[in-house]
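Throughout, protein chains are lettered first and strands after them, A, B, ... in sequence-line order, and every chain is numbered starting at 1.
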Amino acid sequence: MSLATKYDPTEIEDKWYKYWMDHKFFASKPDKNKEPYTIVIPPPNVTGQLHMGHMLNNTIQDVLIRRARMQGKEACWVPGTDHASIATEAKVVNLLKEKGIKKSDISREEFMKHAWEWKEKYGGIILQQLKKLGASCDWDRERFTMEEDLSAAVIEVFVDLYKKGYIYRGIRMVNWDPEGKTALADDEVIFKEVNSKLYHIKYQIEGTQDYLVIATTRPETIMADAAICINPNDARFKHLKGKRAIIPLINKSIPIVEDEYVDMEFGTGCLKVTPAHDINDYEIGLRHQLPVIDIINDNGTLNEKAQILIGEDRFIARKKIAKLLKAEDLLEKEEDYTSNVGHSERTNAVIEPKLSMQWFVKMEELVKPAYENVMNDNIQLIPSKFKNTYKHWMENVRDWCISRQLWWGQQIPAYHLPNGEFVVAKTDEEALALAKEKMGDNSLTLQDLKQDEDVLDTWFSSWLWPMSVFDGFKNPENEDFKYYYPTNDLVTGPDILFFWVARMAIAGYEYTGKKPFNNVYLTGIVRDTQGRKMSKQLGNSPDPLDLIKNHGADGVRAGLLLSSAAGNDLLFDVKLCEQGWNFGNKIWNAFRLVKGWEIVDTDTPVASQKAQEWFKARFEQTIIEIEDHFSKFRISDALMTTYKLIWDDFCALYLELVKPAYGAPIDRKSYEATIGFFEDILKILHPFMPFLTEELWHQIKERKTEDSLIISSWPESQPFDENIVKEAQVAFEVITQIRNIRASKGISPKEALKLYVKTDNQAVYEKYISFIHKLANLESLEFTDNKIDNALSFLIKSDECFIPMVGNIDIEKEKAELQKELDYTKGFLNSVTKKLSNERFVSNAPDQVVAMEKQKQADAEAKIKTLEESLASLG
RNA sequence: GGGGAUAUAGCUCAGUUGGUUUAGAGCACCUGCCUUACAAGCAGGGGGUCGUAGGUUCGAAUCCUACUAUCCCCA
């Protein structure tokens with residue numbers, strides 16, 4: 001069979017993914033004889049499309065899971081999605097709008113029916129996309145946070161936390177999204193710099209003809225003002241103390257209060273206090289017992305409490321108020337001003353701070369085990385720098401607002417009673433029983449109970465994920481849960497360290513007494529080459545599926561991993577994927593070379609024999625390095641080490657050493673050794689580039705299903721002789737030097753050269769003479785005690801090598817090069833000597849260090865001697 | 001305003017508890033090669049004094065302090 005000169009991943013990738021699926025290689029079930037290795041996927045938003053962040057994060061998970069599988073562990077990667085209340089509801093509302101249906105015109109039940117239909121039809125595309133990437137998830141275990149069992153777990157936890165006193169209702173200032181008509185968590189608010197205006201408005205001081213001036217960006221809220229506030233230390237406003245001011249347009253009298261919160265430098269130094277519409281004002285209001293006047297409806301329009309402009313949108317009202325004030329000469333001036341304004345992550349609406357009744361989880365007590373067990377490394381964060389951030393958050397944890405004014409989600413299992421009280425229960429029946437008890441009224445019926453309208457925050461589902469995917473609530477004694485939980489590694493972005501990771505740890509300890517995972521690997525954020533976050537608005541994100549189409553999933557995976565150290569942001573460049581593909585192509589062609597050889601039963605050439613010994617040792621040495629990288633989650637380094645082993649050691653050196661002359665056959669022993677090495681490198685590369693490696697694995701020979709690479713065994717490190725690697729290195733250095741001479745003198749590789757070596761250690765050279773012959777094209781290698789005239793020379797440590805030249809040698813140039821080398825070495829010797837002549841160094845530094853310095857000194861002195869002799873001989 | 005992180009070659013990053021060279025890698029760059037696996041390749045090469053200024057130490061890219069710059073989180 002002939003192979004194309006260029007690797008084409010398209011068909012190969014689909015073929016092998018199907019093959020793995022058909023043979024259930026991703027599937028996992030508890031096996032007492034094997035060690036479990038479990039990862040739960042960070043459930044992507046069910047409305048989501050694969051983006052670069054997912055690609056990175058899932059590639060890492062797949063690398064970990066594939067390696068564990070090959071190590072003989074029972075590898076289980078659970079996939080799934082979360083129901084994303086806000087995003088999904090927005091999608092469904094839009095879809096209904098297109099059909100001419102308003103959400104407000106249909107019942108909750110009808111809406112849910114539409115939402116589920118939407119989910120079945122359009123949801124979870126992202127999981128299909130993950131398959132293109134090669135993700136080896138156990139798809140039979142796919143879960144969804146709104147499915148029956150997982151919802152039951154959410155309700156159970158709510159009721160339980162309520163009973164334990166961790167859940168309460170309270171009025172709070174929340175981030176209100178007037179478009180989505182829901183409260184948002186702080187992290188769902190994006191602050192953007194917005195150009196706005198600072199309006200300077202005159203308020204008459206009651207009982208006088210004088211005015212005070214306040215500066216505000218929100219003149220439409222003046223009707224909700226409860227006071228004017230000044231700093232008690234502000235000498236300018238002594239005359240205002242104890243007075244009252246009149247709100248313009250509605251002529252309402254409000255007190256002037258004093259509070260040190262007011263920044264004397266900012267604006268006019270007079271602050272209007274609007275407790276209902278600003279979090280800071282709310283707090284001032286509490287301190288001064290000011291009334292709260294809420295003038296804005298849920299949809300962002302003014303309500304009747306505003307007295308004027310009722311029904312107008314807040315932004316239109318702003319303009320109209322400005323106009324009205326101007327008309328009455330109460331607008332002193334407008335100045336341009338940029339301010340940070342919160343926007344809804346989902347709807348992009350400007351956030352309205354709003355007081356409302358919400359449900360909260362009391363965090364302070366609940367958080368303790370999750371806090372301690374990260375601090376003591378029971379749960380490890382990788383990289384560990386995130387421990388600081390985690391600590392800071394945990395120590396300043398705030399109560400968690402878990403209610404959302406939406407329908408898509410688990411409806412809060414609280415039932416309001418006619419008298420305004422409420423009960424919390426898992427079912428209607430239990431609620432009714434509780435209500436009867438509470439009210440002492442047996443005649444109550446379900447009709448008297450009204451279930452809370454709100455649903456729970458999506459995070460309130462996903463914080464249970466590592467437990468609920470294994471049915472840890474429904475049936476805590478089940479085999480899966482006992483076997484797979486706690487999970488091993490969690491891979492996610494640092495942006496959800498608090499919203500998700502910390503909360504999972506909290507829930508894990510609360511409900512199982514155990515950590516939900518051992519290690520949390522925090523990936524970097526994928527940015528564009530200019531360092532900007534990838535976003536739809538900027539349009540700076542490449543389409544992941546296009547990337548896969550153009551560079552192959554293997555190429556993209558390798559490209560993403562090549563420069564993404566844990567926790568460091570990755571500046572994504574398509575060039576990385578090209579590099580990934582190049583690498584795949586390199587291996588493909590290496591295979592073409594080997595596959596093309598004709599095999600005969602002849603003796604093994606010395607070079608080939610030695611090359612096998614050498615590569616074996618080099619491989620073992622590298623495996624240790626790779627294991628070390630993996631143990632520290634240095635995935636990028638593990639790949640780079642593999643990359644260099646394959647490209648530099650295997651292709652550039654080993655294959656060149658065993659490669660027979662063109663058209664000549666290869667001896668059977670060398671061929672078989674080479675195939676063995678090839679299999680080993682395919683194994684260690686498989687977690688990174690699964691498709692190409694599986695393809696070549698089967699190209700090597702016909703294999704049974706159970707001999708597939710994906711389930712083959714990971715190479716274990718074997719003892720090896722370090723001296724082989726070290727001594728061969730001398731030969732490789734000689735080769736490089738000779739090639740250097742060829743390059744700089746324009747000598748063709750075809751022209752064989754003579755090499756003379758002046759050394760005290762002939763044995764090392766003799767051992768690997770065959771390497772030098774083959775890779776540097778030597779006519780002969782001889783040892784000498786004297787300098788060789790009319791030759792170019794170079795140094796290997798203090799050994800001197802000579803290549804006789806037929807033509808003239810540019811003596812001046814040679815001298816200059818030698819002089820440069822000499823200067824450097826002298827400088828180096830100088831620094832070493834200085835160290836050694838320092839008595840305090842010699843007496844304080846460890847013996848080993850001193851010995852090393854002495855060795856350096858001796859080497860440098862020998863080298864200098866040789867260099868000086870060479871210079872002298874050149875005249 | 002508070003907290004945290006980072007600053008090493010043109011770019012992206014290593015540098016593992018301070019001592020294997022006057023600092024490494026990949027990519028990019030330069031030179032020469034269509035050498036019979038691969039020109040998306042091969043061979044060779046140049047390039048940084050480790051953000052700035054101090055300090056600790058026999059010894060600092062590594063520890064401390066200040067400053068500067070950038071980024072993130074919280075308010």
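At the phosphate of B:G41, OP1 or OP2 sits under 4.0 Å from a side-chain N or O atom of A:Asn582. Side-chain nitrogen and oxygen atoms of A:Lys586 include none within less than 4.0 Å of the OP1 or OP2 phosphate oxygen of B:A40. Using a 4.0 Å cut-off, some side-chain N or O of A:Asn740 falls inside it from OP1 or OP2 of B:G45. For the OP1/OP2 pair of B:G41 and a distance below 4.0 Å, the side-chain nitrogens and oxygens of A:Asn589 include no atom meeting the criterion.
Ring geometry for A:Tyr643 against A:Trp647 counts as tilted: the plane angle lies between 30° and 60°, on a 0 to 90° scale. Using the six-membered ring where Trp is involved, A:Phe688 and A:Phe630 have ring planes that are parallel, under 30° apart on the 30 and 60° scheme. Note: A:Tyr521 and A:Phe633 have tilted aromatic rings, judged against thresholds of 30 and 60 degrees for the angle between ring planes.
Between B:U20, B:G44, B:A37, one nucleotide has an atom nearer to the side chain of A:Thr736 than all others, and that is B:G44. Distance from the side chain of A:Leu593 is smallest to B:A37 among B:A43, B:A37, B:A14. Closest approach to the A:Tyr824 side chain among B:A23, B:A25, B:G41 is made by B:A23 (side chain taken as heavy atoms from C-beta onward). Ranking B:A43, B:U20, B:A37 by closeness to the A:Tyr662 side chain, first place goes to B:A37. Candidate nucleotides B:C58, B:A43, B:G26 were compared by shortest atom distance to the side chain of A:Phe841, and B:C58 ranks first.
Of the charged side-chain nitrogens involved, none lies within less than 4.0 Å of a carboxylate oxygen, so that A:Glu751 and A:Arg742 do not count as a salt-bridged pair.
In this structure, the CG atom of A:Asn585 is 9 Å from the C1' atom of B:G41, given to the nearest Å. B:U20 atom C1' lies 11 Å from atom CG of A:Asp859, rounded to whole Å. In this structure, A:Phe794 atom CZ and B:G45 atom P are separated by 12 Å, rounded to whole Å. For the pair A:Leu562 CG and B:A40 P, the interatomic distance rounds to 19 Å; values are reported in whole Å. The distance between atom NE2 of A:His392 and atom C1' of B:C72, rounded to the nearest whole Å, is 13 Å. The CD1 atom of A:Ile738 sits 12 Å away from the P atom of B:G44 (whole-angstrom rounding).
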Are any protein N/O atoms closer than 3.5 Å to N/O atoms in nucleotides 27-35 of chain B? If there are, list each pair with its distance.
from, atom 1, to, atom 2, distance (Å)
B:C27, OP1, A:Tyr643, OH, 3.4

Polar atoms only, N or O, under 3.5 Å: list the protein pairs with nucleotides 16-18 of chain B and their distances.
from, atom 1, to, atom 2, distance (Å)
B:U16, O2, A:Lys632, NZ, 3.4
B:U16, O2, A:Arg634, NH1, 3.2

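For the residue pair A:Gln855 / A:Asp859, a side-chain donor-acceptor distance below 3.5 Å is found, with atom types taken as modelled.
Between the CE atom of A:Met504 and the OG1 atom of A:Thr492 there is a distance of 7.0 Å, given to the nearest 0.5 Å.
Nearest heavy-atom pair, A:Leu836 versus A:Phe841, reported as atom, atom and distance to 0.1 Å: CD2-CE2, 4.2 Å.
Along RNA chain B, the nucleotide nearest to A:Arg592 and the one nearest to A:Arg739 differ in position, and the one closer to the 5' end is contacted by A:Arg592. RNA chain B is contacted by both A:Trp393 and A:Leu829; A:Leu829 maps to the nucleotide lying nearer its 5′ end (nearest heavy atom per residue).
Helical stems involving RNA chain B, defined as 3 or more consecutive Watson-Crick or G-U pairs under 3.5 Å, span B:1-7 with B:68-74, B:10-13 with B:24-27, B:29-33 with B:41-45, B:51-55 with B:63-67.
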Original post:
What do the steps show when you test A:Gln819 against A:Asp823 for side-chain hydrogen bond (donor to acceptor under 3.5 Å, both in side chains), and what is the final call?
Top reply: CA-CA 6 Å; A:Gln819 190 62 48; A:Asp823 290 346; 3.1 Å; yes
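If you look at A:Phe677 and A:Phe650, their ring centroids are not closer than 6.0 Å.
The base of B:A43 does not come close enough to the side chain of A:Glu656 for any donor and acceptor atom to sit less than 3.5 Å apart.
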